[in-house]
Amino acid sequence: MPTCSVHQPYAISHPRRSILSDPTPRPVRVRFAPSPTGYLHIGGARTALFNWLFARKHKGVFILRIEDTDQKRYTAEAEQDFKDSLHWLGLNWDEGPDVGGEFGPYRQSERSEMYQQWANWLIDNGYAYRCNCTAERLAGLRKEQGKQKVRIGYDRHCRDLNLGPDCGEYVVRFKMPVDGETTVYDEMRGNISFQNADLQDLVLLKSDGLPTYHLANVVDDHFMEISHIMRADEWIATAPLHARLYQAFGWEMPKIAHLPVILSPSGKGKLSKRDQAFEEGGTKILVQVREFREAGYLPEAVVNFLTNVGWAFGDDREEFTPEEAMERFELKDINPSAGKLPFDKLVWLNNQYIMMMAPDALAEKIKPYLEADGLVVDMDKLKAITPYIQERIKTLSEASEWLAFLFKAEITIDDPVQLIQKNMDVDSTLRALKASYDTLKGLGDFSHEQQEKAMRALAEQMGLKAGQLFGSVRVATSGQPVSPPLFQSMEVLGKDVSLKRIEDAIKLLMIDD
RNA sequence: GCCCCCAUCGUCUAGGGGACCAGGACGUGGCCCUUUCAAGGCCAAAACAGGAGUUCGAAUCUCCUUGGGGGCACCA
């Protein structure tokens, strides 16, 4: 028997908003309410995106709310990453930490008093109760249930004990109806029904005085006047609890839609940090938004990409702006089935966006990635060459592979054999390089047009195919069998450096021979 | 084990009873273009998970099976 005093329930009248009787449609207010316990996950970003799209479509308000009630897992660094990532994607919030708003504070740790107050209200009105079962008892219960291959959860030991606030360390649990059923209307799926007998008396307030998600999200959504909830699939199972909570409080429940989750490319479970190590068809699997940024994807491409997973623009269009998407965005059009991210499509889309950019703007975007790879960037050179790599790079970070030879004083040719083109040998290659050297040296105008004119004539004169002659010079000047167009490259490289490199290649080939 | 959700080409999807021997995109293969690599153009292979039912008619509606996913915490 419990040793602590029995708490007598009493009814109090609590001031509360009643919007039940208000027939006017609510203004659209939606929120992204992440728990910053790690870096922003791409699936979280998709949830945020859909909320944002919906808010913008309806000229509503998009709110960022930080759910930091799990003190053990929350980190400030994670919260910063969430904000940075959201900003990077262009998903700006109208209310939230840093921007404020009249429904704040927007960090749950700053609202604990409110949750306690409403938890007490539930107890006082017979909708919830204190439970002082120890963690050991609960663990034992679970173990026993596991042994018997049943899972009925908490046994409601304290449900009718009417424990008072002086019963030691306690949690507050919701008194779920034991019979009947609870139906939740999902905007995408329609009615979802649960037998109350299958539901549990979940914890609302933890023993540290902080609320669980269930209490906090209901109280906050109500007082922040959230009109529509769009959250991940995994919340379906607890949706009936939330519905009962709204009912107990006498509050109107926001309309709700459960977004499909993103699956792991491995085919096993949800996409998770564990998938980061893998790749698919040569494309690295990315999980956190910051990884997409680091890998050189453009935020516009990522947003476009994400919008088309779980929802489709229609008209067989793959490329569109957020503005175009928000015009058509409807909850009912969201595909309720979970799916994988088609990374190959992102690679393609990113290249499409890169090709659409103004070359100078692209050069500016590329610069930091080159510098991150240790290159000292000459902006004039970069801008001059950018138009020629624009259709070749899939990501910004790939630019280094294409351009390093322009920004390095010395290049190395791994294997001199690379200088020798198809159907050629050392001698013919040496002749070709020497003739190219003389031809290029004789040029007064080192523009790529003049180079090409002269070199084509040379090829013909020597009885070589353009690819043979140009290939040797390409390797000589760039150190690579694959490079941006040869003459444009040499123009940017400059006449002196180009000739020097051809000379070095000739020497290399002679020594090697 | 129990509860819930989901199911169209390899992948992302269009499709809301006849307009579908199922359309698009990525990827894949082939051809063209071409100084490499790309980009671009053309062409091709490729799917309604299975079974019952409703209906004159089903990818579309219902049920069952199977498969996948989620949940069953003092985490969100």
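Every chain is numbered from 1, with letters handed out A, B, ... down the list of sequences. Note that the structure is a prediction, hence the values are computed from the model and not measured.
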A.B. asks: Checking all strands, does A:Y213 fall into the base, sugar-phosphate, or nothing category for heavy-atom contacts under 4.0 angstrom?
C.D. replies: base
A.B. asks: Base, sugar-phosphate, or nothing for A:N351, non-hydrogen atoms under 4.0 angstrom?
C.D. replies: sugar-phosphate
A.B. asks: May I ask which nucleotide in the shown strands pairs with B:G17, Watson-Crick or G-U wobble, both distances under 3.5 Å?
C.D. replies: none
A.B. asks: With C1' as the reference atom in both, quote the distance from B:A25 to B:C21 in angstrom, rounded to an integer.
C.D. replies: 23 Å
A.B. asks: Going by atom types only, do A:Y353 and A:E319 share a side-chain donor-acceptor pair under 3.5 Å?
C.D. replies: no
A.B. asks: Pick base, sugar-phosphate or nothing for A:K394, based on heavy-atom distances below 4.0 Å to the nucleic acid.
C.D. replies: sugar-phosphate
A.B. asks: So, A:T395 and A:N350: side-chain donor and acceptor under 3.5 Å apart, yes or no?
C.D. replies: no
A.B. asks: Under 4.0 Å, counting only non-hydrogen atoms across every strand here, what does A:Q352 touch: a base, just sugar-phosphate, or nothing?
C.D. replies: sugar-phosphate
A.B. asks: If we count only N and O atoms by modelled type, under 3.5 Å, do the side chains of A:S193 and A:T183 hold a donor and an acceptor together?
C.D. replies: yes
A.B. asks: Rounding to an integer number of angstrom, what distance separates B:C12 and B:U65 when you compare their C1' atoms?
C.D. replies: 28 Å
A.B. asks: Using the C1' atom as the point on both nucleotides, what is the distance between B:G70 and B:C74, in whole Å?
C.D. replies: 22 Å
A.B. asks: So what does A:P485 hit on the nucleic acid, given a heavy-atom distance under 4.0 Å: a base, only sugar-phosphate, or nothing?
C.D. replies: base
A.B. asks: If you look at every strand shown and take non-hydrogen atoms under 4.0 Å, does A:T238 touch a base, only sugar-phosphate, or nothing?
C.D. replies: nothing
A.B. asks: Let me spell it out: for each of A:R189 and A:L263, pick the nucleotide of RNA chain B with the closest heavy atom. Which residue's pick is nearer the 5' end?
C.D. replies: A:R189
A.B. asks: Test A:Q451 against every option in A:V473, A:L443, A:T439 by the side chain to side chain contact (heavy atoms under 4.5 Å, CB included) rule and name the one that passes.
C.D. replies: A:L443
A.B. asks: Look at the rings of A:H448 and A:Y388 and say which category their plane angle falls in: under 30° parallel, 30 to 60° tilted, over 60° perpendicular.
C.D. replies: perpendicular
A.B. asks: When we call it a touch if two heavy atoms are under 4.0 Å apart, what does A:K422 touch: a base, just sugar-phosphate, or nothing?
C.D. replies: nothing
A.B. asks: Checking all strands, does A:Q145 fall into the base, sugar-phosphate, or nothing category for heavy-atom contacts under 4.0 angstrom?
C.D. replies: nothing
A.B. asks: Can you tell me, in whole Å, how much space there is between the P of B:C48 and that of B:C42?
C.D. replies: 28 Å
A.B. asks: Counting any heavy atom closer than 4.0 Å, what does A:G471 reach on the DNA or RNA strands: base, sugar-phosphate only, or nothing?
C.D. replies: nothing
A.B. asks: Over 60° means perpendicular and under 30° means parallel, so classify the ring planes of A:F223 and A:W118, tilted if in between.
C.D. replies: tilted
A.B. asks: Can you tell me how the ring of A:Y154 sits relative to the ring of A:Y129, calling it parallel under 30°, perpendicular over 60° and tilted otherwise?
C.D. replies: parallel
A.B. asks: If we take the C1' atom in both B:G53 and B:A45, what is their distance in whole Å?
C.D. replies: 35 Å
A.B. asks: When the P atoms of B:A47 and B:A22 are compared, how many Å lie between them, rounded to an integer?
C.D. replies: 9 Å
A.B. asks: Starting at the 5' end of RNA chain B and moving along, which residue's nearest nucleotide shows up first, A:R317 or A:P211?
C.D. replies: A:R317
A.B. asks: Say whether A:T47 and A:R231, considering side chains only, have a donor N or O and an acceptor N or O under 3.5 Å apart.
C.D. replies: no
A.B. asks: Is B:U28 paired to anything, Watson-Crick or G-U wobble with both distances less than 3.5 Å, and if yes, which nucleotide?
C.D. replies: B:A44
A.B. asks: Find the partner of B:G1: check Watson-Crick (N1-N3 plus N6-O4 or O6-N4) and G-U wobble (N1-O2, O6-N3) distances, both under 3.5 Å, and reply none if neither fits.
C.D. replies: B:C72
A.B. asks: Of all nucleotides in RNA chain B with an atom under 4.0 Å from a non-hydrogen atom of chain A, which is the first and which the last going 5' to 3'?
C.D. replies: B:G1 to B:A76
A.B. asks: Which ones in residues 303-312 of chain A lie close to RNA chain B, meaning a heavy atom under 4.0 Å from one of its atoms?
C.D. replies: A:N308, A:V309, A:G310, A:A312
A.B. asks: Could you tell me which nucleotide pairs with B:A58 by Watson-Crick or G-U wobble geometry, both distances under 3.5 Å, or answer none if nothing does?
C.D. replies: none
A.B. asks: Mind checking A:L486 for me? I need base, sugar-phosphate or nothing, with any heavy atom below 4.0 Å counting as a touch.
C.D. replies: base
A.B. asks: Indicate the atoms forming the closest heavy-atom contact of A:A505 with A:A476, along with that distance.
C.D. replies: CB-CB, 3.6 Å
A.B. asks: Identify the nucleotide, in any strand shown, that forms a Watson-Crick or G-U wobble pair with B:C9, with both distances under 3.5 Å; if there is none, say none.
C.D. replies: none
A.B. asks: Distance only, no hydrogens: is a donor on one side chain within 3.5 Å (strictly under) of an acceptor on the other, for A:N217 and A:E67?
C.D. replies: no
A.B. asks: Could you check whether the rings of A:Y213 and A:W235 sit parallel, tilted or perpendicular, using 30° and 60° as the cut-offs?
C.D. replies: parallel
A.B. asks: Using the P atom as the point on both nucleotides, what is the distance between B:C43 and B:G23, in whole Å?
C.D. replies: 14 Å
A.B. asks: Could you check whether A:R189 pairs with A:D233 (Lys NZ or Arg NE/NH1/NH2 to Asp/Glu carboxylate O, under 4.0 Å)?
C.D. replies: yes
A.B. asks: With a non-hydrogen cut-off below 4.0 angstrom, is A:E67 in contact with a base, only sugar-phosphate, or nothing?
C.D. replies: sugar-phosphate
A.B. asks: Let's test this: given Watson-Crick or G-U wobble pairing with both distances under 3.5 Å, identify the partner of B:C37.
C.D. replies: none
A.B. asks: With both distances under 3.5 Å as the test, what is the Watson-Crick or G-U wobble partner of B:C63?
C.D. replies: B:G51
A.B. asks: So what does A:T37 touch, heavy atoms closer than 4.0 Å: a base, only the sugar-phosphate, or nothing?
C.D. replies: nothing
A.B. asks: For A:P240, answer base if it contacts any base atom (sugar-phosphate contacts may also be present), sugar-phosphate if it contacts only those atoms, and nothing otherwise; contact means non-hydrogen atoms under 4.0 Å.
C.D. replies: nothing
A.B. asks: Counting the atoms with a prime plus P, OP1 and OP2 as sugar-phosphate, which does A:R456 contact under 4.0 Å by heavy atoms, base, sugar-phosphate, or nothing?
C.D. replies: base
A.B. asks: Taking the P atom of each, how far is B:A38 from B:G29, in whole Å?
C.D. replies: 11 Å
